[in-house]
Amino acid sequence: MTHPTNQLDDVVHQRVRLGLLAVLSEARRADFAYLRDSLELTDGNLSRHLQVLEGAGYVKVTKTFEGKRPRTWVSATKNGRAAFAAEVGALRALLDRVDGTDSGD
Amino acid sequence: MDHHLAAETLQRVGDVRRRARSDLLAFWFPLVVFGCITLVSAAVVGFFGGEALAFYWPIAGTAGGVLTGYYCSHRERLLGLKGPAAAYVATAVAITIGAVLAGGLGSQPGGSGLAGAVGPSMVVAAGYLVFARLERSTTLAALAAVIFALAVGVAFSGLGAEPATVVLALTTGAASLLTGMAHRLRTGARG
């Protein structure tokens with residue numbers, strides 16, 4: 001049986017990217033400012049992580065205009081939601097495995 | 001990966017998700033709007049009779065739905081976080097159709113008309129239960145239980161159709177309004 005750590009996805013596993021997918025798993029979409037503020041990131045840091053997630057096909061970034069004001073919306077793709085669920089599942093499996101080992105001692 | 005780190009990561013993910021869910025919670029508004037509309041329906045029955053509700057609810061219900069949709073959309077735009085709307089819209093449509101059918105079928109000639117008064121409240125209670133599941137809200141679940149209990153109480157009260165409609169409109173309207181206001185006060189400006 002594969003050890004749960006082998007199921008961790010390097011793209012998703014990173015702390016900030018996991019946080020981004022956690023927010024997006026609860027919402028249809030979130031804007032750049034909301035993500036930046038809720039995860040206490042800088043603009044540059046958030047952009048870099050979004051590029052990684054977008055490159056992996058896990059989020060979709062849409063730029064819109066509200067009046068003359070540009071706005072960037074981010075949503076999780078189907079693959080992104082699946083990857084997030086798999087990551088959380090792998091983390092839980094890892095904990096269960098450790099708990100099982102502990103109780104067996 | 002260290003299991004302490006895994007536990008900490010899961011904890012942090014849970015916190016982030018809870019915060020996002022909490023930011024999206026704004027059910028106080030539809031509760032206040034539909035609470036008021038329901039209270040006014042009691043006055044409509046008092047002034048114009050129970051038949052007037054067949055005209056009142058399509059107009060007032062649609063207006064309440066449009067107002068709620070506008071508020072939620074405006075709030076989400078300001079907040080920068082849009083919730084999953086499809087399930088809410090589907091539930092609202094199901095409640096509307098269900099309540100109209102229950103009201104119509106319950107008021108067929110030959111019957112006491114009481115089912116026509118109680119049926120829609122039961123449908124609304126079931127709808128609130130679905131909303132409670134969607135919002136993971138015990139407050140909404142409790143409100144659904146209160147409305148269901150009121151409907152059952154009125155069904156066995158021996159009241160006639162119109163008095164039953166008025167009693168249910170006043171009690172469920174007040175319960176919705178007070179729950180909505182209490183939730184708004186508790187969540188503060190965020191709501």
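Fair warning: this is a prediction, and the values are worked out from it, not measured in the lab. All chains are named by letter (A, B, ...) in the order of the sequence lines, taking the proteins before the strands, and each is independently numbered beginning at 1.
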Would you kindly confirm whether [X] and [Y] end up in one hydrophobic cluster when ILVMFWY residues are joined by side chain heavy atoms under 4.5 Å apart?
| X | Y | value |
| --- | --- | --- |
| B:F47 | B:V45 | yes |
| B:F156 | B:M122 | yes |
| B:F48 | B:F55 | no |
| A:V16 | A:V59 | yes |
| B:Y56 | B:V100 | no |

If you look at every heavy atom in [X] and [Y], which pair is closest and at what distance?
| X | Y | value |
| --- | --- | --- |
| A:W73 | B:L81 | CZ3-N, 4.1 Å |
| A:E26 | B:P84 | O-CD, 3.8 Å |
| B:K82 | A:A27 | O-CB, 3.3 Å |
| B:L79 | A:Y34 | O-CD1, 3.5 Å |

Using non-hydrogen atoms and a 4.5 Å limit, figure out which bit of [X] sits close to chain A: side chain, backbone, both or neither.
| X | answer |
| --- | --- |
| B:R18 | neither |
| B:A85 | both |
| B:R12 | side chain |

Tell me whether [X] at atom [atom1] has more than 12 heavy atoms from other residues, nucleotides or ligands lying less than 6.0 Å away.
| X | atom1 | result |
| --- | --- | --- |
| A:E40 | CD | no |
| B:F148 | CZ | no |
| B:R133 | CZ | no |

Quiz item: Would you say the side chain of B:L10 lies within less than 4.5 Å of the side chain of A:R92, judging by non-hydrogen atoms?
Solution: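 Of all side-chain heavy-atom pairs linking B:L10 with A:R92, at least one is under 4.5 Å.
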Exercise. State the CD-CG distance between B:E8 and A:L91, to the nearest 0.5 angstrom.
Key: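 Nearest 0.5 Å value for the CD-CG distance: 11.5 Å.
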Quiz prompt | Spacing of CG belonging to A:L21 relative to CZ belonging to B:R17, to within rounding of 0.5 Å | solution =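 A:L21 atom CG to B:R17 atom CZ measures 10.5 Å (nearest 0.5 Å).
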Self-check item: Interchain contact, A:F84 with chain B, by part (heavy-atom threshold 4.5 Å)
Solution: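 For A:F84, side-chain heavy atoms alone lie under 4.5 Å from chain B.
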